[in-house]
Amino acid sequence: MNTVIHVIETALPVFLTLGLGIICRKKNILSRAGVDALKSVAVNITLPAVMFSAFATAEYSLSSISIPAVIFALCLLAMFLGRVFCKVFHVQGRLVPYLATGFEAGMLGYALFALLFGSAQNSQFAIVDLGQVLFVFTVYKIALSGAGGWHNALKEALYSPTVWAIAAGLLMGATGAFKALEPSGVSGILSAAASFVAAPTSAMILLSIGYDLVPSEICWSKTVIIVVMRVVIMAIVLGLALLINRYVLGGAMHTGALVLLMTLPPPYVLPVFTEAGDERVQISSSLSVLTLLSIVIFAVLTAVFS
């Protein structure tokens with residue numbers, strides 16, 4: 001009985017907030033400009049606070065430092081498998097292989113992880129997420145941008161509050177500065193400030209996602225193939241990741257963080273790189289279905305990890 005109650009307590013807020021987002025769209029409670037503003041606040045203000053706190057309080061060791069490298073390599077593998085899948089099954093679309101790799105940890109992962117394991121353990125998810133953040137801001141965006149892509153990727157990284165928050169958190173956490181400041185109370189002040197700013201992140205992100213979910217506009221014929229591709233590739237990558245974690249890293253990766261990461265949809269930035277209108281609709285449809293699938297799997301994970 002307690003397990004059932006815990007599952008409901010964890011999963012219900014997610015579905016409730018998504019539902020509120022849908023209602024906000026249908027009843028015109030929020031405009032498109034309003035939702036875009038919510039996303040901007042989440043990405044540029046509240047999420048960086050989450051990232052800073054997570055990396056500043058993380059435990060750093062030789063094994064934990066190797067985790068980002070493993071995730072980075074697995075993201076590369078997933079992108080390669082995506083290209084193979086598209087070639088073997090004759091799936092058309094320049095951007096379709098990119099739906100096979102990368103994870104929307106920022107706009108969804110941290111929100112779900114905090115609900116599942118508590119925000120106090122965000123540092124466990126942050127270490128796992130770091131590898132795919134490095135992948136997305138380098139290989140992924142450079143490949144998407146084509147010629148001169150490295151310049152655009154570098155510029156975006158330099159102007160990203162999230163990247164600066166990760167860098168600041170890593171600096172304070174890896175050097176031991178954050179722990180060294182605990183006796184003076186400075187660390188407590190920083191943690192309190194970051195927690196206060198980060199508090200509305202989950203609600204704003206899930207509300208925005210709910211607003212954007214329009215099942216009636218999804219193009220199902222090709223979307224199902226893309227979803228199957230993503231699920232199969234993620235199953236392969238997750239299996240390999242669990243083996244590496246157990247036999248190479250000695251269990252250094254938080255299993256729940258690893259499993260949750262692999263269930264997330266691809267980065268929401270992908271439609272920005274589409275050139276044709278039809279392709280944009282297809283990519284957006286695939287992201288919508290994969291997001292819904294992630295939420296459903298999240299509900300299952302609440303029972304598994306409760």
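Predicted, not measured: the structure shown is a model, and the values here were computed from it.
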First locate atom [atom1] of [X], then atom [atom2] of [Y], and finally report the distance between them rounded to the nearest 0.5 Å.
X    : Y    : atom1 : atom2 : value
T263 : L260 : OG1   : CG    : 4.5 Å
F113 : L261 : CZ    : CG    : 10.5 Å
L207 : I23  : CG    : CD1   : 10.0 Å
C86  : Y98  : SG    : OH    : 10.5 Å
D129 : I67  : CG    : CD1   : 12.0 Å
I205 : L47  : CD1   : CG    : 5.5 Å

Any chain of hydrophobic side-chain contacts (each under 4.5 Å) joining [X] to [Y]?
X    : Y    : value
M253 : L76  : yes
L171 : L181 : no
I236 : F135 : yes
V231 : F85  : yes

Does the side chain of [X] reach to within under 4.5 Å of the side chain of [Y], using non-hydrogen atoms?
X    : Y    : answer
V248 : L243 : no
E59  : K179 : yes
S66  : L249 : yes
L30  : L38  : yes
M229 : V91  : no
K39  : Y268 : no
F117 : H254 : yes
L240 : L77  : yes

Next item on the list: For the residue pair T46 and T201, confirm or rule out a side-chain donor-acceptor distance under 3.5 Å.
Entry: yes
Item checked: Results of salt bridge (Lys or Arg N to Asp or Glu O under 4.0 Å) for K222 - residues two or more places apart only ->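 Partners of K222 under the salt bridge (Lys or Arg N to Asp or Glu O under 4.0 Å) test: none.
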Notebook entry, point to check: To which residues is I22 joined in a hydrophobic cluster, defined by side-chain heavy-atom contacts under 4.5 Å among Ile, Leu, Val, Met, Phe, Trp and Tyr, whether direct or through other members?
Noted result: none
Next item on the list: Kindly confirm or rule out a cation-pi arrangement of K141 over F137, judged by NZ or CZ under 6.0 Å from the six-membered ring centre and within 45° of its axis?
Entry: yes
Next item on the list: Sequence neighbours left out, what passes ring pair (Phe, Tyr, Trp, His ring centres under 6.0 Å) with F103? Give chain and number order.
Entry: none
Item checked: Among V227, L270, T291, the one residue meeting side chain to side chain contact (heavy atoms under 4.5 Å, CB included) with P265 -> T291
